[in-house]
Amino acid sequence: QVQLVESGGGSVETGGSRRLSCATSVDTYMTWCMAWFRQAPGQEREAVAAIDSDGSSTYADSVRGRFTISQDNAKSTLYLQMNSLKPEDTATYYCAADQRPRGYCNTDLKPMQIGYWGQGTQVTVSS
């Protein structure tokens, strides 16, 4: 049973930064695709950043250059560093994990393709 537990959400002003963390119980990231999704009220859940088992990462156009996905050396914690935050970044952010072959982990992934989810953490950006 894979468990994902997010933390780090909260309120921040426009232009500020926030780092989200996801503690995971996956044994190894060798074949795991890890990602951050977000869902704003009335909108679909969307992938904003993904990191493949070889460490390669992809980003949604809306966050590229501002957000950075990473993992610690032990690969037990996934991070999302969010800089230059905008009000439109306000959403519930979800940590996601799925086992898939290397090369099939990117921000084109849809929620139905994800096997495991965290409970979500709210980020609110005030103008």
Atom CD of Gln3 with >12 non-hydrogen neighbours under 6.0 angstrom:
no

Using a 4.5 Å cut-off on heavy atoms from C-beta on, say whether the side chain of Phe37 contacts that of Pro111.
yes

Decide yes or no for Val48 and Thr107: does some side-chain heavy atom of the first lie under 4.5 Å from some side-chain heavy atom of the second?
no

Check: Gln43 side chain, Ala40 main-chain N or O, donor-acceptor pair, under 3.5 Å:
no

Tyr59 versus Thr68: any side-chain heavy-atom pair under 4.5 Å?
yes

Do the side chains of Thr24 and Tyr116 get nearer than 4.5 Å, heavy atoms only?
no

Does the pair Asp89/Arg18 count as a salt bridge with the N-to-O cut at 4.0 Å?
no

Rounded to the nearest 0.5 Å, how far apart are CG of Leu85 and OG1 of Thr14?
8.5 Å

Residue pair Gln119, Glu6: steps toward the side chain to side chain contact (heavy atoms under 4.5 Å, CB included) verdict:
CA-CA 7 Å; Gln119 81 285 358; Glu6 302 99 333; 2.6 Å; yes

Working for side chain to side chain contact (heavy atoms under 4.5 Å, CB included), residues Leu4 and Met34
CA-CA 11 Å; Leu4 305 172; Met34 305 297 295; 4.3 Å; yes

Nearest 0.5 Å, please: how far is CH2 in Trp32 from CZ in Arg102?
15.0 Å

Run the side chain to side chain contact (heavy atoms under 4.5 Å, CB included) test on Met82 and Val63 for me, step by step, so that the C-alpha distance in whole Å, both residues' side-chain angles and the decisive distance to 0.1 Å come before the verdict.
CA-CA 9 Å; Met82 306 184 293; Val63 307; over 6 Å; no

Closest non-hydrogen atom pair between Leu20 and Gly9, with its separation:
CD2-N, 3.7 Å

Taking the six-membered ring of Tyr94 as reference, does the NZ or CZ atom of Arg45 fall below 6.0 Å from its centre and within a 45° cone about the axis?
yes

Flag, side chain of Asp98 to backbone of Cys33, donor-acceptor distance under 3.5 Å
no

Is there a donor-acceptor contact under 3.5 Å linking the side chains of Gln122 and Thr92?
yes

For the atom pair CG (Asn83) and CZ (Arg19), what is the distance rounded to the nearest 0.5 Å?
11.5 Å

Can you confirm whether the side chains of Arg66 and Ser84 place a donor and an acceptor under 3.5 Å from each other?
no

Do Ser57 side-chain atoms and Ile69 backbone N/O form a donor-acceptor pair below 3.5 Å?
no

Separation between CG (Leu109) and CD (Glu46), nearest 0.5 Å, reads 13.0 Å

Test Thr124 against Val12 for side chain to side chain contact (heavy atoms under 4.5 Å, CB included), laying out the working first.
CA-CA 6 Å; Thr124 301; Val12 61; over 6 Å; no

Should Lys86 and Val125 count as side-chain neighbours, where that means a heavy-atom distance under 4.5 Å?
no

Do the ring planes of Phe67 and Tyr93 sit parallel (below 30°), tilted (30 to 60°) or perpendicular (above 60°)?
tilted

Between the CG atom in Leu78 and the OG atom in Ser70, the distance rounded to the nearest 0.5 Å is 7.0 Å

SG/Cys22 to CH2/Trp36 distance, rounded to the nearest 0.5 angstrom?
5.0 Å

Please answer whether the main-chain N or O of Asp54 pairs with a side-chain N or O of Asp52 as donor and acceptor at a distance below 3.5 Å.
no

